[in-house]
Amino acid sequence: MKLSQISLRAKFLPGKIFKEFNEECWSIAEMYWSFLREYNTDDVRKCMISVGDDPSEVDKITSYQGFREVYKQINFDQYFDMNPFEKKSLQLDLIHSGMTTIGGLEKWDTEPLLKAYKYCLDNDLNYKFFINSKYKRSPNCQWKLGLWCEWEINCFKLFWVLFDKTGREINRDLITEGEPSGGETVYYLDYKWDDNNYITIRNKSRQNIEMCKIKIL
């Protein structure tokens, strides 16, 4: 079985800080998971790394069918004094530590976890990618277009990017942006050229509902 989700969440943290921390934890968890899509985790589909300030709970694992949760300690005061890059670095360390703990208990091959950790560092903790890692040609084959996602700890942004047939970028424009938790939408998007000037973007998770029609040229 393959992992469908890795999440990092604050536990036992009241008030606004709880929401703020959890909202910032989407992009790095998704980035780490993106390098583990083919990782064999037997019957486990989802893993959660819960964090808090209780040292007595560290490395405690909770198991349900298809789900594992492990607790890690964090100093929230220090976290909220960090700049965005430092926050992302700490998030990555917590996620990797949690996944390594779960992997050790489950007797998984932990080498892919280390590779995912290093890949995140090699990409400077920036989760930016073309959806489905591909472009689509216009009907006249003069243009190629891709949907580009930039997922940060404080927002996500979706762009269309136009290339000529030699691969030279011609233009890019913002389609939408929102809270980091909304970034999961990009996994369910598809698009098509209506003609040589317009594209239509659809959400496959909602019965292929049309989201928008965009004039490109």
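In this text, all values refer to a predicted model and were calculated from it rather than measured experimentally.
- Within the 4.5 Å cutoff, side-chain heavy atoms of Lys72 are placed close to those of Thr101.
- Looking only at distances, no side-chain donor or acceptor of Asn132 sits under 3.5 Å from a matching main-chain atom of Lys134.
- Ile74 CD1 to Tyr71 OH: the interatomic distance, rounded to the nearest 0.5 Å, is 9.5 Å.
- What you find for Phe76 and Gly52 is that their closest heavy atoms are CE1-CA, 3.9 Å.
- Under the 4.5 Å side-chain criterion, counting only non-hydrogen atoms from C-beta, Pro84 is not in contact with Asn154.
- Remark: Trp160 engages no residue in a side-chain hydrogen bond (donor to acceptor under 3.5 Å, both in side chains) (not counting sequence neighbours).
- To the nearest 0.5 Å, atoms CD1 (Ile201) and CD1 (Ile131) are separated by 8.0 Å.
- In this structure, Tyr187 places its OH atom where more than 12 heavy-atom neighbours from other residues, nucleotides or ligands lie under 6.0 Å away.
- Two residues are said to be in side-chain contact when any heavy atoms from C-beta on lie closer than 4.5 Å; Gln91 and Tyr79 meet this criterion.
- For the pairing with Phe67, the side-chain contact (heavy atoms from CB on, under 4.5 Å) check across Arg45, Gln5, Met48 returns one residue only, Met48.
- Minimum heavy-atom separation, Ile102 to Ile61: CA-CD1, 4.3 Å.
- With a 4.5 Å cut-off on side-chain heavy atoms, Leu92 and Leu121 count as touching.
- Contact record, Arg9 with Cys25: NH1-CB, 4.1 Å, taken as the closest heavy-atom pair.
- Because its NZ or CZ atom is both nearer than 6.0 Å to the ring centre of Tyr191 and within 45° of the ring axis, Lys136 counts as a cation-pi partner of that residue.
- Identified under the salt bridge (charged side-chain N to carboxylate O under 4.0 Å, His left out) test for residues 153-170, with sequence neighbours left out: Asp164-Arg168, Glu169-Arg172.
- Trp26 CH2 to Glu184 CD: the interatomic distance, rounded to the nearest 0.5 Å, is 4.0 Å.
- Leu189 and Phe130 fall into different hydrophobic clusters, where Ile, Leu, Val, Met, Phe, Trp and Tyr are joined by side-chain heavy atoms under 4.5 Å apart, directly or via other members.
- Proximity of Leu114 to His96: side-chain heavy atoms (C-beta onward) are separated by under 4.5 Å at one or more points.
- Checking side-chain atoms of Asn123 against main-chain N and O of Leu125 turns up no donor-acceptor pair under 3.5 Å.
- Connection of Met31 to Met82 is established within a shared hydrophobic cluster, with ILVMFWY side chains joined at heavy-atom distances below 4.5 Å, either directly or through further cluster members.
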Practice task
Using the side-chain contact (heavy atoms from CB on, under 4.5 Å) rule, take Val186 and Phe129 through it: C-alpha gap first, then chi angles, then the decisive distance, then the call.
Solution key: CA-CA 10 Å; Val186 301; Phe129 55 94; 4.0 Å; yes
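- Environment of NZ in Lys192: crowded, with over 12 heavy atoms of neighbouring residues, nucleotides or ligands closer than 6.0 Å.
- Note on Tyr39 and Val44: same hydrophobic cluster, where clusters join Ile, Leu, Val, Met, Phe, Trp and Tyr whose side-chain heavy atoms are under 4.5 Å apart, directly or indirectly.
- Of the possible polar contacts, none joining the Thr110 side chain to the Thr100 backbone as a donor-acceptor pair under 3.5 Å is found.
- Contact annotation: the side chain of Thr185 never approaches that of Thr176 to less than 4.5 Å [non-hydrogen atoms, C-beta and beyond].
- Within the structure, salt bridge (charged side-chain N to carboxylate O under 4.0 Å, His left out) pairs that include any residue of residues 74-101 comprise Glu24-Lys87, Lys88-Glu152 (at least two apart or interchain).
- Between atom CG of residue Leu94 and atom CG of residue Leu8 there is a gap of 6.0 Å, rounded to the nearest 0.5 Å.
- Of all the heavy atoms in Ser181 and Glu23, the pair that sits closest is N-OE2, 2.8 Å.
- For the residue pair Pro180 and Cys155, the shortest heavy atom distance occurs at CG-N, 3.4 Å.
- With a 4.5 Å cut-off on side-chain heavy atoms, Leu162 and Leu217 count as touching.
- Taken together through direct or relayed side-chain contacts under 4.5 Å among Ile, Leu, Val, Met, Phe, Trp and Tyr, Val70 and Tyr64 form parts of separate hydrophobic clusters.
- Linking Ile, Leu, Val, Met, Phe, Trp and Tyr residues whenever their side-chain heavy atoms come within less than 4.5 Å places Tyr188 and Ile175 in a single cluster.
- Not a single donor-acceptor pair under 3.5 Å links the side chain of Tyr135 to the backbone N or O of Phe163.
- Closest heavy-atom contact between Tyr32 and Ile95: CD2-CG2, 3.6 Å.
- In this structure, the separation between CD1 on Ile6 and CD1 on Ile28 is 12.5 Å, given to the nearest 0.5 Å.
- For the pair Trp108 (side chain) and Asn40 (backbone), a donor-acceptor distance under 3.5 Å is absent.
- Distance alone, capped at 3.5 Å, is enough to place a donor-acceptor pair between the Asn83 side chain and the Phe85 backbone.
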Exercise for the section: Start with the C-alpha distance between Thr200 and Lys213, add both sets of side-chain angles, then the distance that settles side-chain hydrogen bond (donor to acceptor under 3.5 Å, both in side chains), and finish with yes or no. Expected result: CA-CA 4 Å; Thr200 294; Lys213 186 183 292 287; 3.1 Å; yes
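- In terms of modelled atom types and a separation under 3.5 Å, the side chain of Asp195 and the main chain of Pro139 share no donor-acceptor contact.
- No donor-acceptor pair under 3.5 Å is formed between the side chain of Arg37 and the backbone N or O of Trp33.
- Under a cut-off of 6.0 angstrom, the local environment of CD in Glu111 is crowded, with over 12 non-hydrogen atoms contributed by other residues, nucleotides or ligands.
- Of the inter-residue distances, the one linking Asp173 atom CG with Lys215 atom NZ reads 12.5 Å to the nearest 0.5 angstrom.
- In the displayed structure, Tyr119 atom OH is contacted under 6.0 Å by at most 12 heavy atoms of other residues, nucleotides or ligands.
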